[in-house]
A.B. asks: 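First, the structure itself, so that you have it in front of you.
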Protein chains: 2
Amino acid sequence: MIDETQRVKDWELLAQFSQAYRTLSDAFMEQITMHRAQATVLCKLFMQDGLTQSEIAQQLAVQGATVTDMLQRMEENKLVTRRRDPEDNRLVRVYLTEEGRKRERAITEQFLKLESHIFEAFDEHERAQLRHLLTRMLHNMTSER
Amino acid sequence: MIDETQRVKDWELLAQFSQAYRTLSDAFMEQITMHRAQATVLCKLFMQDGLTQSEIAQQLAVQGATVTDMLQRMEENKLVTRRRDPEDNRLVRVYLTEEGRKRERAITEQFLKLESHIFEAFDEHERAQLRHLLTRMLHNMTSER
DNA sequence: CCCTAATCATTAGTACCCTAACGATATATC
DNA sequence: GATATATCGTTAGGGTACTAATGATTAGGG
């Protein structure tokens, strides 16, 4: 008989990991005076400027209301500007400011540092293995039904 | 040359996973009218009643202030009671109420459901592999320096 | 015994994330 | 063209998380 009261359940491990990832990335971003979620939004804009708010919400897998709040703070801090799309007035398109664009290097470097910290002592085979497992779990978690 | 602009970076995968886990567990807990973090606290108390707040903070890997807020809400909702430890008056010990204890079955079942949803189509070997990789990352993430 | 340092919990302020309800705009159907 | 439906963003309210500052209690060193 395995002692059920002692064994760490898998969901506990996932919860711990999820929490630890956020805490650590908060700490890394704080080193360059950024917030985790805001840095992530900027990363999306580095790849493609002028995304709509709902596109950002979808890419971050958060609700639209969350994005509204975040972008309001980011606009106050002059990291982005927001303009209605003239083609479709429902859409709000988000653009990097000069100030936002200036942070590209620091942010991408910091995310790479975070990555190498987390994968300390991992070889490429193990990273590939992990990618595969995470991708499958992600599929299970986000698929309908 | 690999096209760096296309490949999903590992930190993005970790961030996605972390977000998806929270969203999904929020959804599962919402089905039984509970909040993710509060359910986790109750689980710790199911294992060991009368934990102090700092012990709970350590087990959840969050700051003490976070636990204070959570437990105040949980006490208002009659899920737990809090009493100062007579041996050491700095400590606040947290105890399950009858109401809190009543939720044990529903909560543990719901976490198991969550687990089997996430690990759909995983065999035991793959789960063991994942446990190993996650544990090592967790170690990298939480170790000093 | 007193003073200092350590530990524990709380408060205040901020950011992130959710749901629910709502207003504005665009599209589809008649 | 008018009405119905869908989409997009905002607001309001609540839960989860952080840091920094504070107060209360305990433990240690002289």
Side-chain angles (χ1 to χ4, degrees), chain A residues 15-16 18-31 33-42 50-77 79-94, chain B residues 15-16 18-31 33-42 50-77 79-94:
Chain A
Q16 271 177 44
S18 177
Q19 174 60 21
Y21 176 76
R22 278 161 179 261
T23 301
L24 190 64
S25 48
D26 281 346
F28 268 74
M29 286 307 131
E30 208 254 327
Q31 287 175 11
T33 338
M34 285 289 318
H35 297 285
R36 172 177 39 82
Q38 294 186 11
T40 309
V41 168
L42 290 184
L51 289 169
T52 67
Q53 295 198 181
S54 51
E55 286 170 339
I56 292 173
Q58 201 209 331
Q59 290 195 29
L60 301 193
V62 299
Q63 294 308 115
T66 303
V67 174
T68 295
D69 292 344
M70 246 166 38
L71 289 175
Q72 282 173 351
R73 283 188 291 268
M74 291 174 76
E75 191 163 38
E76 283 169 20
N77 296 341
L79 292 170
V80 298
T81 58
R82 295 186 295 164
R83 292 196 292 280
R84 290 271 169 190
D85 186 326
E87 306 286 311
D88 184 341
N89 253 287
R90 292 171 304 181
L91 306 181
V92 172
R93 294 201 174 271
V94 184
Chain B
Q16 272 177 44
S18 176
Q19 174 61 20
Y21 176 76
R22 278 161 179 259
T23 300
L24 190 65
S25 49
D26 281 346
F28 267 74
M29 288 307 131
E30 208 255 329
Q31 285 175 12
T33 339
M34 286 288 319
H35 296 284
R36 172 177 38 83
Q38 294 186 10
T40 309
V41 168
L42 290 183
L51 289 169
T52 67
Q53 296 197 179
S54 51
E55 286 168 340
I56 292 174
Q58 201 210 330
Q59 289 195 29
L60 300 193
V62 298
Q63 295 306 115
T66 303
V67 173
T68 296
D69 292 343
M70 245 165 39
L71 289 174
Q72 282 173 352
R73 283 188 292 266
M74 291 174 75
E75 191 164 37
E76 283 169 19
N77 297 341
L79 292 169
V80 299
T81 57
R82 294 185 297 162
R83 291 197 292 280
R84 290 272 168 190
D85 185 326
E87 306 286 310
D88 184 341
N89 254 289
R90 291 170 304 181
L91 307 181
V92 173
R93 293 200 173 272
V94 184

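Side chains are part of it too, since the values below use all heavy atoms of this structure and drop only hydrogens, waters and symmetry mates. Chain A is the first sequence line, chain B the second, and so forth, proteins listed ahead of strands; every chain is numbered from 1.
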A.B. asks: Within this structure, what is the CZ-to-C1' distance between B:Arg82 and C:dC8, rounded to whole angstrom?
C.D. replies: 13 Å

A.B. asks: Check whether any side-chain heavy atom of A:Met70 lies under 4.5 Å from a side-chain heavy atom of A:His35, and answer yes or no.
C.D. replies: no

A.B. asks: Restricting to nitrogen or oxygen on both sides, can you table the protein-nucleotides 1-3 of chain C pairs closer than 3.5 Å?
C.D. replies:
none

A.B. asks: Tell me, yes or no, whether the heavy-atom count around A:Glu30 atom CD, taken from other residues, nucleotides or ligands under 6.0 Å, exceeds 12.
C.D. replies: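 Result for CD/A:Glu30: open.
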
A.B. asks: Between P on C:dC18 and CZ on B:Phe28, what's the gap in Å once rounded to a whole number?
C.D. replies: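 In whole Å, C:dC18 P and B:Phe28 CZ are 17 Å from each other.
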
A.B. asks: Hey, can you pull the residues of residues 50-58 of chain A with a non-hydrogen atom under 4.0 angstrom from DNA chain D?
C.D. replies: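 Only A:Thr52, A:Gln53, A:Ser54 qualify.
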
A.B. asks: Decide yes or no for A:Val80 and A:Leu42: does some side-chain heavy atom of the first lie under 4.5 Å from some side-chain heavy atom of the second?
C.D. replies: yes

A.B. asks: Take atom CD of A:Gln58 as the centre, draw a 6.0 Å sphere, and report whether it contains more than 12 heavy atoms from other residues, nucleotides or ligands.
C.D. replies: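 Counting other residues, nucleotides and ligands, CD of A:Gln58 stays at 12 neighbours or fewer.
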
A.B. asks: Holding to side chain to side chain donor-acceptor pair (under 3.5 Å), I want the full list of residues that pass it with A:Asn89, two or more places apart in sequence or in another chain.
C.D. replies: none

A.B. asks: Quick one: does B:Val94's side chain get under 4.5 Å of B:Glu55's, heavy atoms only?
C.D. replies: no

A.B. asks: For the backbone of B:Gly50 and the side chain of B:Arg93, can you confirm whether one donor and one acceptor N or O come within less than 3.5 Å of each other?
C.D. replies: yes

A.B. asks: OP1 or OP2 of D:dT11 versus the side-chain N and O atoms of A:Gln72: is any pair under 4.0 Å?
C.D. replies: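 Answer is yes, contact under 4.0 Å.
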
A.B. asks: Among all residues two or more places apart in sequence or in another chain, which pass the side chain to side chain donor-acceptor pair (under 3.5 Å) test with B:Asn77?
C.D. replies: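 With neighbours one apart ignored, the set is empty.
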
A.B. asks: Could you write nucleotides 14-25 of chain D as a row of B, S and -, 5' to 3', where a protein heavy atom under 4.0 Å of any base atom gives B, of only sugar-phosphate atoms gives S, and otherwise -?
C.D. replies: -SBSBB-----B

A.B. asks: Please list, one pair per line, the donor and acceptor atoms closer than 3.5 Å that link side chains of residues 21-29 of chain A to other protein atoms, with sequence neighbours excluded.
C.D. replies:
residue: A:Tyr21; atom: OH; partner: B:Trp11; partner atom: O; Å: 3.2
residue: A:Arg22; atom: NE; partner: B:Ser18; partner atom: OG; Å: 3.3
residue: A:Arg22; atom: NH2; partner: B:Gln19; partner atom: OE1; Å: 2.6
residue: A:Thr23; atom: OG1; partner: A:Gln19; partner atom: O; Å: 3.0
residue: A:Thr23; atom: OG1; partner: A:Gln19; partner atom: NE2; Å: 3.2
residue: A:Ser25; atom: OG; partner: A:Tyr21; partner atom: O; Å: 2.8
residue: A:Ser25; atom: OG; partner: A:Arg22; partner atom: O; Å: 3.2
residue: A:Asp26; atom: OD1; partner: A:Arg36; partner atom: NE; Å: 3.0

A.B. asks: Measure the distance from CD on A:Glu87 to P on C:dT25 and round it to the nearest whole Å.
C.D. replies: 16 Å

